[in-house]
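Notes follow once the structure below has been shown.
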Amino acid sequence: MWNNLNRVSEGCQGHGRLSLMEEKSRVLLVDDEAAITDNLAPFLERSGFEVVVAANGEDALRQVTAFNPAIVIMDVLMPVLDGREALRRLRRAGNWTPVILLTQVGESSERAMALEEGADDYLNKPFDPHELVARMKAVLRRARPGQPPLATASRIASGDLLLDRTSRRAWLAGNEVTLTPKASALLEYLMTHPDELISRERLLDAVWGWEYPAGTRTVDTRIAELRRVLGDDPSEPRFIETVPGQGYRFVGSVEVVA
Amino acid sequence: MKRLALWAISLIPACIGATVTAALALGRLKNPILYLRADIGTLSLLLGIGISTLLMLALGGWAWLEHQHNQKMTGTISQVSADRRRFLQRLDHELKNPLTAIRAGLVNVGNGDAPETMSSIQTQVQRISRLTADLRKLSELETRPLERSAVDMADLLHQVFELAQERPEAETRRLSLQLPQAPWPLPAIPGDRDLLLLVIHNLIDNALKFTRPGGTVEVRAFDDGTVVVVEVADTGSGISEEDMPHIWEELYRGQGARGVPGSGLGLALANAIIQRHGGQIVVRSRPGQGTVFTVRLPIKG
């Protein structure tokens, strides 16, 4: 897993490197636990970011204006103003700075709420710091300045595949397809992270909310189900590509549908 | 059913009284002597009704007391499980932050001049991280809604069996899977495929861990029309009598499990998952001979 993650982050670095040479990406790290920010900030700095720390949601909103970060990493449970409410206020003010929330979005109810919140990605504590950097780079690479991210769009499409995330229904060439809840959540995660190599472990954590024994094989089973339903040929994928020994990647281009 | 029978029995004295009265009343037409005894008829009717009423009152009171007691017990049980759930959630939350800080700190330290110590600490931190995730899942299992789609049990068992065959222990143990073909293959059951796979995976994992090289692990399944039965049997070390009552408890590790890697949550998770599916999981074991775990899952949810 360690190796996979390093490879993932190297894969992402290619894009980010030019801009990093010009100026470091600014990151706002928000957590009320000093033990976390004290240890995470130096690591993020060594990974090529300029870091400012905030201890709660209110502090974070002030820093977003003052520091103008490229990305915000925010815990959820915090005193004064929690992460969810801070994010909601930020989005209501029309600010689309990419945000990674440090919480779990495992169940469909949580995912529905996440869609409204407008976070770009989620990471469950305790996480591997390398995984956080890989997520940050992927989010920054996907971000379109000033525009809502794919992660907050309720209807997205790739070619003739349409996914309505609010009603959790999918259509292929106009015909509705039936997916199990897990397969549908998996498709949603892949489509909202297009062109990104995602390890099986990460998919387990993000979609199942749990990295458990025999779980990586479960991911393969659901991918096979998705391919069968979507008529996707693994040797010539339109949607999901297998990256041998590493994970999966959604190769179709994804657009927001009004 | 029993309750209904008792209520019916309590009506018998009233019925007897009524029958006597009716017999006397009918008899009166033919036999004037009996007419004189009409008050005995009335008496027996009143007595019958009286006894019946007393019996019914007693039954009612008893039922009421029992109901009160049950309510109190149910209340206590749900209170205990709610307390336990809250405890697990708090434990998860209180461990998450320090673990996050430790993992970030470890990356800053790098390998330094004690790479073996560092890698050992990394492994242990990951172990605690996994344990907290498993504990959280265990508490979620009791409350969150279950995904229910038709699970092809034969397909699931084939898959989990293939996984088991890939393990190094499988090379030196006889591992077999028996699935019915005649008169029909296993029916599908409604449930969460991923969780059910985890159950069987944990059972086979245990069987392989506690069986010596040369031993046998058999996985077999059949259906009896109402349930699908899956058995995972081994010729392993068995479970001692002292351990037996505790094997389903969270974090319990039996005497035989010392020195065998594991979290002590595998069976607790399996039990919780099977309960949520409305099924049963039972174990029979003879120390020194082996163990068989039997899972029963209802075909209709």
Side-chain angles (χ1 to χ4, degrees), chain A residues 1-2 29 31-47 75-77 102-104 106-110 123-133 178-185 204-205 207-222 224-225, chain B residues 92-93 95-110 119 122 125-126 128-130 132-138 140-141 143-151 155-156 159-160 162-164 166-167 192-202 204-205 262-263 265-266 269:
Chain A
M1 174 162 171
W2 210 256
L29 179 61
D31 199 311
D32 60 316
E33 285 265 338
I36 291 176
T37 50
D38 287 353
N39 282 303
L40 212 48
F43 173 69
L44 293 178
E45 269 161 10
R46 267 187 293 118
S47 306
D75 189 27
V76 171
L77 288 175
L102 299 181
T103 186
Q104 173 159 353
E107 299 295 315
S108 55
S109 55
E110 289 166 346
L123 203 56
N124 192 27
K125 282 181 176 180
F127 49 82
D128 177 352
H130 293 102
E131 178 68 34
L132 174 64
V133 170
T178 315
L179 293 169
T180 56
K182 272 279 149 45
S184 147
L204 270 182
D205 193 46
V207 179
W208 279 258
W210 192 30
E211 228 186 279
Y212 61 98
T216 49
R217 196 56 67 98
T218 300
V219 175
D220 297 342
T221 310
R222 299 294 181 168
E225 179 193 335
Chain B
D92 176 46
H93 184 247
L95 287 173
K96 254 182 193 173
N97 281 332
L99 280 169
T100 308
I102 292 171
R103 289 181 87 160
L106 281 172
V107 180
N108 288 333
V109 175
S119 108
Q122 291 271 14
V125 169
Q126 275 172 24
I128 308 174
S129 302
R130 184 148 299 175
T132 55
D134 286 359
L135 279 172
R136 184 187 62 239
K137 200 67 187 180
L138 196 59
E140 280 176 8
L141 266 175
T143 49
R144 303 233 170 156
L146 207 64
E147 176 179 328
R148 281 191 187 273
S149 23
V151 180
D155 178 61
L156 182 148
Q159 192 180 18
V160 81
E162 271 170 34
L163 268 170
E166 288 167 16
R167 296 177 45 134
D192 184 320
R193 189 183 194 279
D194 304 339
L195 291 178
L196 291 175
L197 187 132
L198 180 64
V199 171
I200 310 298
H201 176 272
N202 283 352
I204 299 180
D205 188 58
S263 68
L265 284 175
L269 275 166

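Order of the sequence lines fixes the chain letters, A, B, ..., with proteins taken first and strands second; residue numbering starts at 1 for each chain. The shown structure was predicted, so the numbers you read here are calculated from the model rather than taken from an experiment.
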message: So which atom in B/V107 and which in A/R46 form the shortest heavy-atom distance, rounded to 0.1 Å?
response: O-NH2, 3.9 Å
task: Give, for atom CZ of B/R193 and atom CZ of A/R222, the distance between the pair rounded to the nearest 0.5 Å.
output: 7.0 Å
field: B/R103/A/L132 under side-chain contact (heavy atoms from CB on, under 4.5 Å): CA gap, chis, key distance, verdict
entry: CA-CA 12 Å; B/R103 289 181 87 160; A/L132 174 64; over 6 Å; no
- request: State plainly whether the residues B/E166 and A/R217 are in salt-bridge range, i.e. N to O under 4.0 Å.
  value: yes
field: A/I36 side, atom CD1; B/I102 side, atom CD1 - distance, nearest 0.5 Å
entry: 10.5 Å
field: Choice from A/A35, A/A34, A/G215, A/A214 maximising heavy atom contacts with chain B below 4.5 Å
entry: A/A214
- line: Whatever's closer than 4.5 Å to a heavy atom in chain A on B/D134 counts as both
- prompt: What part of B/L269 is in contact with chain A, defined as an atom under 4.5 angstrom from a non-hydrogen atom: side chain, backbone, both or neither?
  reply: side chain
message: I need the A/D31 CG to B/N97 CG distance, nearest 0.5 Å.
response: 6.0 Å
- line: Under 4.5 Å to a heavy atom of chain A? For B/L156 that would be neither
message: Which atoms of A/L44 are under 4.5 Å from chain B, going by heavy atoms: the side chain, the backbone, both sets, or neither?
response: neither
message: At a 4.5 Å cut-off on heavy atoms, which part of A/Y212 comes close to chain B: side chain, backbone, both, or neither?
response: side chain
message: Within the structure provided, determine whether B/K96 and A/L77 are in side-chain contact (heavy-atom separation under 4.5 Å).
response: no
message: Report which part of B/L99 has an atom under 4.5 Å of a heavy atom belonging to chain A: side chain, backbone, both, or neither.
response: both
task: Over all heavy atoms of both residues, which pair between B/G105 and A/N39 is shortest? Give the atoms and the distance, please.
output: CA-OD1, 3.4 Å
field: chain A interface, residue from B/R136, B/E147, B/R130, B/E162 that has the most non-hydrogen pairs under 4.5 Å
entry: B/E147
message: The test is side-chain contact (heavy atoms from CB on, under 4.5 Å); show your working for A/W210 and B/D194 and say whether it passes.
response: CA-CA 11 Å; A/W210 192 30; B/D194 304 339; over 6 Å; no
- prompt: In Å and rounded to the nearest 0.5 Å, what is the OG1 to NZ distance from B/T132 to A/K125?
  reply: 12.5 Å
Separation between OG1 of A/T216 and CG of B/L163, rounded to the nearest 0.5 Å: 7.5 Å
